[in-house]
4 protein chains.
Amino acid sequence: MIITVASFKGGVGKTTTAVHLAAFLQSKSRTLLIDGDPNRSTSNWAKRGHLPFKVVDERQAAMHARDFDHVIIDTQARPEKEDLEALAQGCHLLILPTTPDVLSLDALTLTITSLKNLGSNNFKVLLTVVPPRPSRDGDEARLSVEQAGLPVFDRVIRRYAVFQKAALAGVPVCNVNDPKAKDAWEDYVAIGKEILDGEKQVRRSTEATFARAV
Amino acid sequence: MIITVASFKGGVGKTTTAVHLAAFLQSKSRTLLIDGDPNRSTSNWAKRGHLPFKVVDERQAAMHARDFDHVIIDTQARPEKEDLEALAQGCHLLILPTTPDVLSLDALTLTITSLKNLGSNNFKVLLTVVPPRPSRDGDEARLSVEQAGLPVFDRVIRRYAVFQKAALAGVPVCNVNDPKAKDAWEDYVAIGKEILDGEKQVRRSTEATFARAV
Amino acid sequence: MIITVASFKGGVGKTTTAVHLAAFLQSKSRTLLIDGDPNRSTSNWAKRGHLPFKVVDERQAAMHARDFDHVIIDTQARPEKEDLEALAQGCHLLILPTTPDVLSLDALTLTITSLKNLGSNNFKVLLTVVPPRPSRDGDEARLSVEQAGLPVFDRVIRRYAVFQKAALAGVPVCNVNDPKAKDAWEDYVAIGKEILDGEKQVRRSTEATFARAV
Amino acid sequence: MIITVASFKGGVGKTTTAVHLAAFLQSKSRTLLIDGDPNRSTSNWAKRGHLPFKVVDERQAAMHARDFDHVIIDTQARPEKEDLEALAQGCHLLILPTTPDVLSLDALTLTITSLKNLGSNNFKVLLTVVPPRPSRDGDEARLSVEQAGLPVFDRVIRRYAVFQKAALAGVPVCNVNDPKAKDAWEDYVAIGKEILDGEKQVRRSTEATFARAV
DNA sequence: TGAGTTAGAATGGCACCACCCGTC
DNA sequence: GACGGGTGGTGCCATTCTAACTCA
């Protein structure tokens with residue numbers, strides 16, 4: 001499965017998302033992370049410590065892609081509208097992490113609408129860096145995104161300091177010694193399961209269609 | 001005075017910084033904000049409510065610039081290394097807002113070092129979205145930036161929910177009805193004063209040099 | 001006076017026009033050329049030789065604009081429809097150089113019509129790279145543009161090899177040692193005069209309106 | 001086999017080389033061309049007419065790479081020194097097309113030397129746009145490159161107008177109706193055979209090494 | 001004078017850090 | 001002595017309550 005992570009704004013946990021989804025998928029099957037971000041943020045993460053999967057430069061994508069079952073692509077920060085379509089067509093699932101603040105949601109809805117109009121249906125919004133209750137930011141953001149007619153992951157990624165600790169240590173959050181590490185990791189595990197479930201569902205419906213056709 | 005706000009990552013409060021510095025300077029003298037961000041984030045902020053200063057498109061910069069005493073330029077999100085030099089030369093002060101997390105600081109130090117080597121000395125780092133104590137993130141980030149030999153503002157911008165409220169309302173934070181509005185606004189007032197003090201100091205030293213020369 | 005030069009296709013003499021109008025206006029008053037083309041074509045022209053006016057990067061526009069009487073803006077190659085309006089509003093006169101071939105004229109009329117509908121009336125088409133008689137391309141192109149209801153400069157810029165020589169040498173044509181240099185330069189002088197005459201006329205009518213109002 | 005085509009200057013036939021090598025390899029086995037050039041020159045070529053192989057955007061590389069035996073990557077125009085190493089590591093063979101003029105050769109030797117020092121040995125220079133005899137440019141260029149210790153293809157690509165005709169028609173030269181089409185096509189066929197021979201040789205030596213090891 | 005509105009104060013929940021303590 | 005778990009303190013955020021103010 002090929003998953004692309006893209007965002008219109010930085011600082012929304014794009015790299016964190018790419019790293020942790022790769023970590024989750026690696027626990028299921030051979031996974032490759034392609035670092036397409038010009039700041040090489042994923043490669044730097046790996047360099048500081050150790051990530052349990054292979055990370056390669058985007059210019060080496062074609063060479064390595066065929067040797068892995070899952071490929072996560074961490075893209076550049078600010079895709080143009082026209083880039084989006086290309087990105088969506090280059091993967092099975094396009095994940096768009098977004099923080100629940102006005103500026104990010106603005107940027108999201110403005111640009112995504114064009115994607116929806118293009119007929120792409122292989123993308124999903126992921127709410128990240130969600131502040132703890134009693135802040136209702138997460139719920140409001142979800143509402144706003146759903147009202148725009150965009151698909152959203154059921155689970156959100158909460159704001160935990162342990163994610164920064166993990167970036168500093170160069171490991172995924174599950175390998176950090178911290179009381180909150182488990183909670184943080186479970187957020188991504190839940191997202192990973194949503195992804196795999198979604199894929200199964202797609203396959204089943206495809207097979208059903210195929211069976212009917214026969 | 002011409003001030004440019006630029007950053008390597010989004011979501012670090014670039015737009016918020018541009019808007020509030022413009023609001024502060026407007027209280028001193030006629031101020032123009034040039035929206036150079038491709039998502040037009042500043043223009044959208046203004047559209048939702050009312051900002052106490054003029055906002056124009058970057059393509060109209062040359063036309064309006066001469067009518068104002070202060071000009072704030074909100075640039076695009078991800079300048080290349082080579083862009084940075086051009087940006088620095090196009091203003092009296094280049095402000096680089098940064099959040100105190102590892103990924104942002106990485107991006108900052110990597111790219112800025114080249115600026116320092118180029119001999120530019122008209123830039124200053126601004127720590128933004130700093131989490132409250134007892135988190136020591138702000139202090140650690142300051143230390144890290146200072147050790148890299150980069151100039152930093154004394155004051156930092158703290159993480160307050162009221163900033164998002166202000167963005168939503170389309171006004172500067174000082175015009176929001178909220179118990180924390182005053183605290184948030186004072187952070188930017190303090191930065192504004194640091195800027196004006198710095199400018200005075202530069203002028204004084206320039207005049208002194210001139211006087212000596214005569 | 002602020003003049004923007006924009007075009008929908010490359011290779012229509014956009015840079016050549018910007019450079020020579022700046023050279024003409026500099027002979028009247030302090031003139032600045034802003035290089036807004038991503039390939040930095042004007043800056044490269046200046047780098048190869050010497051231009052009799054100041055050339056700056058677009059990102060330094062706000063800083064320098066106020067120190068000059070005339071500003072010529074050489075924009076990026078391929079503006080979108082929505083960009084056009086912004087460009088038109090950011091200057092006193094928008095010049096659209098066009099070669100007299102079918103493809104260029106097509107692109108021109110299609111896009112400009114929207115400008116006309118927006119009520120902008122501060123733009124003018126300039127026929128460039130016009131082949132010598134007996135080719136009637138120039139006349140036909142003029143007819144076609146006028147029938148579309150678009151304002152055109154009376155004079156056209158003829159196709160002269162000396163323009164390429166000038167670009168190579170990094171100087172305006174008037175400083176090239178060539179028998180045709182004078183003819184080529186006079187084309188731009190005539191355009192420059194049309195521009196200044198137009199401005200005077202506008203001023204006179206504005207003053208007349210004002211007098212009547214009083 | 002994964003082949004990357006890169007060059008330091010534009011106008012050296014990078015796109016032409018990528019297209020025709022892909023056309024040749026397609027006649028042997030399933031071949032994919034990845035268009036990594038920001039101006040989408042290859043995609044545009046394909047759009048004008050029809051190319052006998054699949055062309056995809058670089059952002060879709062990971063998705064499609066695994067379904068083809070050969071992959072040709074047409075990279076961006078102006079790689080930095082640091083990019084070169086990454087490019088070389090991302091392919092089995094890095095082809096560097098160069099025209100036999102002083103400026104190009106200069107740029108080539110300067111930058112390549114670093115590659116050679118890095119120990120990369122999977123690259124080869126291809127002389128392109130070589131003018132016909134009696135010009136000795138081709139021979140001199142080959143001499144100069146060989147003296148620099150760089151590997152060069154035995155065959156060169158000659159300058160034929162039919163290449164431009166092919167680009168305009170959106171097909172490979174072999175599908176153009178022109179007396180010179182056969183000659184032009186044979187140049188690339190010869191290069192293609194050199195590449196496949198080289199690969200066989202590498203495989204044989206690898207197997208020999210392996211056999212010895214056993 | 002009463003009702004609605006608004007500003008300020010108090011409360012509870014959560015996340016973070018620091019400290020303490022027990023165990024190996 | 002090092003590591004892990006538990007506890008307390010601080011600060012932000014949202015809610016609720018209360019008090020004062022406005023307007024009819």
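Below, chains carry the letters A, B, ... as their sequence lines are ordered, and counting in each starts from 1.
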For a quick test of your reading: what N or O donor-acceptor pairs under 3.5 Å do the side chains of residues 175-185 of chain B make, sequence neighbours left out?
| from | atom 1 | to | atom 2 | distance (Å) |
| --- | --- | --- | --- | --- |
| Asp178(B) | OD1 | Lys180(B) | N | 2.8 |
| Asp178(B) | OD2 | Lys165(B) | NZ | 2.9 |

Atom pairs and distances, side-chain donor-acceptor, residues 21-30 of chain B, under 3.5 Å, sequence neighbours left out:
| from | atom 1 | to | atom 2 | distance (Å) |
| --- | --- | --- | --- | --- |
| Gln26(B) | OE1 | Thr31(B) | N | 3.1 |
| Ser27(B) | OG | Phe24(B) | O | 2.4 |
| Ser29(B) | OG | Asp69(B) | OD2 | 2.4 |
| Arg30(B) | NE | Asp69(B) | OD2 | 3.4 |
| Arg30(B) | NH1 | Asp67(B) | O | 3.2 |
| Arg30(B) | NH2 | Asp69(B) | OD1 | 3.1 |

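Between Arg158(B) atom CZ and dA15(E) atom C1' the separation is 18 Å, expressed in whole Å. Lys182(A) places its NZ atom 15 Å from the P atom of dA15(E), with the value rounded to the nearest Å. A straight line from CD of Gln164(A) to P of dA15(E) spans 15 Å, rounded to a whole angstrom. Between Asp137(A) atom CG and dT15(F) atom C1' there is a gap of 15 Å when expressed in whole angstrom units. Note: OH (Tyr160(B)) to P (dG11(F)) measures 10 Å, nearest angstrom. Rounded to whole angstrom, the span from the CD atom of Glu140(B) across to the P atom of dC16(E) amounts to 14 Å. In this structure, Asp178(A) places its CG atom 11 Å from P of dG5(F), rounding to the nearest Å.
Close placement of the Phe163(A) and His20(A) rings is indicated, their centers lying within 6.0 Å of each other.
One N or O on the side chain of Lys14(B) and one on the backbone of Thr75(B) form a donor-acceptor pair closer than 3.5 Å.
When each of Arg133(B) and Arg136(A) is assigned the nucleotide of DNA chain F with its nearest heavy atom, Arg133(B) is the one assigned upstream, toward the 5' end.
Among the heavy atoms of the strands lying under 4.0 Å from Pro134(B) is at least one base atom, whether or not backbone atoms are also near.
An OP1 or OP2 oxygen of dA15(E) is reached within less than 4.0 angstrom by a side-chain nitrogen or oxygen of Lys180(A). Look at Asn177(B) and you won't find any side-chain N or O under 4.0 angstrom from OP1 or OP2 of dT6(E). In this model, the phosphate group of dC13(F) is not approached by any side-chain N or O of Ser135(A) to a distance below 4.0 Å at OP1 or OP2.
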